[in-house]
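Reading through the structure tokens given below for one structure.
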Amino acid sequence: MRQFQTVSLPLAFGVASMVALAALYAGLVHASHRAQGVAAFNEVAPVFQSPRCMNCHRSDLPRVRKDGRDHVPRVRPASDGAGEGGERCTICHRDTNNPISRIPGAPHWKMPPYEMSWDGLEAADICANLKDRRFNGDRSLAEVLAHVEKDAVIAWAWTPGSDRSTPPVPFDAFKERLARWISLGAPCAD
């Protein structure tokens with residue numbers, strides 16, 4: 001015959017209280033990390049929404065300048081983002097800015113593919129797209145960060161030369177905050 005030990009009511013209540021407190025603490029920590037992650041993304045969202053990024057992250061034609069004027073000539077990005085037929089981006093855009101024509105340049109100049117368009121998207125939607133491999137160039141979040149850190153065209157945005165505008169967050173701060181957002185689970189605002 002099996003014998004059962006009895007547990008005193010105060011001890012059982014104490015254990016249950018500790019378990020409940022641990023769950024509450026875990027929930028608070030998760031909520032805190034989520035809030036910190038959303039805040040980190042909100043600090044970099046203005047970069048993604050700036051003309052320097054939005055002029056290329058388009059579904060149709062590239063734009064230029066702070067006011068988003070049509071690119072002349074009216075080129076199409078093609079499936080590889082580098083222009084169609086005789087209108088390849090690198091015909092005009094070289095590895096560096098041209099000081100005479102003022103045509104901007106950086107190595108491997110091209111537009112993001114169509115699926116990486118941010119036309120009309122709010123910050124939360126851009127956040128979600130950065131995490132979704134269907135819309136981010138089939139990259140993990142670590143690869144998204146590496147892309148931001150190493151892509152010459154992205155780096156060019158912060159050193160565009162002449163009197164061109166730059167994104168509203170310094171490049172090093174942008175990379176650090178993007179990395180922080182990823183380290184906190186890459187949450188997006190609801």
Side-chain angles (χ1 to χ4, degrees), residues 38-130 135-137 139 141 143-182 188-189:
V38 169
F41 187 81
N42 287 341
E43 291 176 7
V44 298
V47 171
F48 294 117
Q49 295 175 307
S50 74
R52 198 49 63 220
C53 293
M54 291 300 297
N55 281 347
C56 291
H57 279 272
R58 313 228 15 123
S59 60
D60 55 358
L61 305 169
R63 304 280 192 248
V64 298
R65 301 190 183 166
K66 286 170 62 171
D67 59 1
R69 299 176 192 184
D70 286 347
H71 182 282
V72 177
R74 293 180 57 83
V75 297
R76 299 262 178 219
S79 60
D80 68 353
E84 292 181 336
E87 295 183 330
R88 301 294 288 174
C89 298
T90 54
I91 290 172
C92 297
H93 297 278
R94 304 298 180 174
D95 286 351
T96 60
N97 290 348
N98 183 322
I100 297 168
S101 68
R102 291 188 31 95
I103 295 174
H108 315 293
W109 193 275
K110 65 180 182 176
M111 286 181 61
Y114 292 118
E115 62 270 7
M116 293 174 72
S117 169
W118 299 334
D119 285 345
L121 297 184
E122 298 293 328
D125 300 318
I126 293 171
C127 178
N129 281 11
L130 287 172
F135 303 111
N136 75 6
R139 295 177 173 98
L141 286 174
E143 291 168 328
V144 167
L145 182 60
H147 171 64
V148 165
E149 291 175 334
K150 296 175 183 169
D151 186 277
V153 176
I154 292 172
W156 173 89
W158 277 268
T159 56
S162 200
D163 60 348
R164 294 180 182 98
S165 64
T166 58
V169 177
F171 193 40
D172 288 338
F174 173 70
K175 294 184 295 185
E176 180 271 322
R177 291 170 188 160
L178 191 63
R180 179 165 171 67
W181 168 69
I182 292 169
C188 299

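Worth saying up front: this structure is predicted, and the values here are computed from it rather than measured.
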CZ-CZ distance between Arg52 and Arg164, expressed to the nearest 0.5 angstrom: 7.0 Å
Main-chain N/O of Val169 paired with Trp158 side-chain donor or acceptor, under 3.5 Å: yes
Interatomic spacing from CE in Met54 to CG in Leu121 - rounded to 0.5 Å: 7.0 Å
For the student: nearest non-hydrogen atoms of Leu130 and Val144, plus distance: O-CG2, 3.8 Å
Sidechain N-carboxylate O distance under 4.0 Å for Arg63, Asp119: no
Closest non-hydrogen atom pair, Val64 against Asp70: CG2-O, 4.0 Å
Under 3.5 Å donor-acceptor, Asn97 side chain and Pro99 backbone: no
Would you mind writing out the side-chain donor-acceptor pairs for residues 104-111 within the sub-3.5 Å range, not counting sequence neighbours?
none

Can you give each donor-acceptor pair under 3.5 Å made by side-chain atoms of residues 38-49, sequence neighbours left out, with the distance rounded to 0.1 Å?
{"residue": "Asn42", "atom": "ND2", "partner": "Val38", "partner atom": "O", "Å": "3.4"}
{"residue": "Glu43", "atom": "OE1", "partner": "Arg177", "partner atom": "NE", "Å": "3.1"}

pair Arg65-Pro51: side-chain heavy atoms closer than 4.5 Å: no
Within 6.0 angstrom of Glu122 CD, more than 12 heavy atoms from elsewhere: no
SB check Arg69 Asp67 (cutoff 4.0 Å): yes
Nearest-0.5 Å distance, CG of residue Asn129 to CD of residue Glu115: 10.5 Å
Close side-chain approach of Cys89 to Val75, heavy-atom, < 4.5 Å: no
Atom pair CZ (Arg94) and OG (Ser101), whose distance is rounded to the nearest 0.5 Å: 10.0 Å
Contact summary for Pro167 and Ala157, nearest pair of heavy atoms: CD-O, 3.2 Å
Straight-line distance of Asn55 CG to Leu61 CG, nearest 0.5 Å: 12.0 Å
Counterpart residues, disulfide (SG to SG under 2.5 Å), relative to Cys127 (two or more places apart): Cys188
Nearest non-hydrogen partners of Phe135 and Met116, listed with the distance: O-CG, 3.2 Å
Test item: Leu141 and Trp181 side chains (from C-beta on) under 4.5 Å apart, heavy atoms: yes
Flag side-chain contact, heavy atom, 4.5 Å: Trp118 against Asp125: no
Straight-line distance of Ser117 OG to Arg58 CZ, nearest 0.5 Å: 7.0 Å
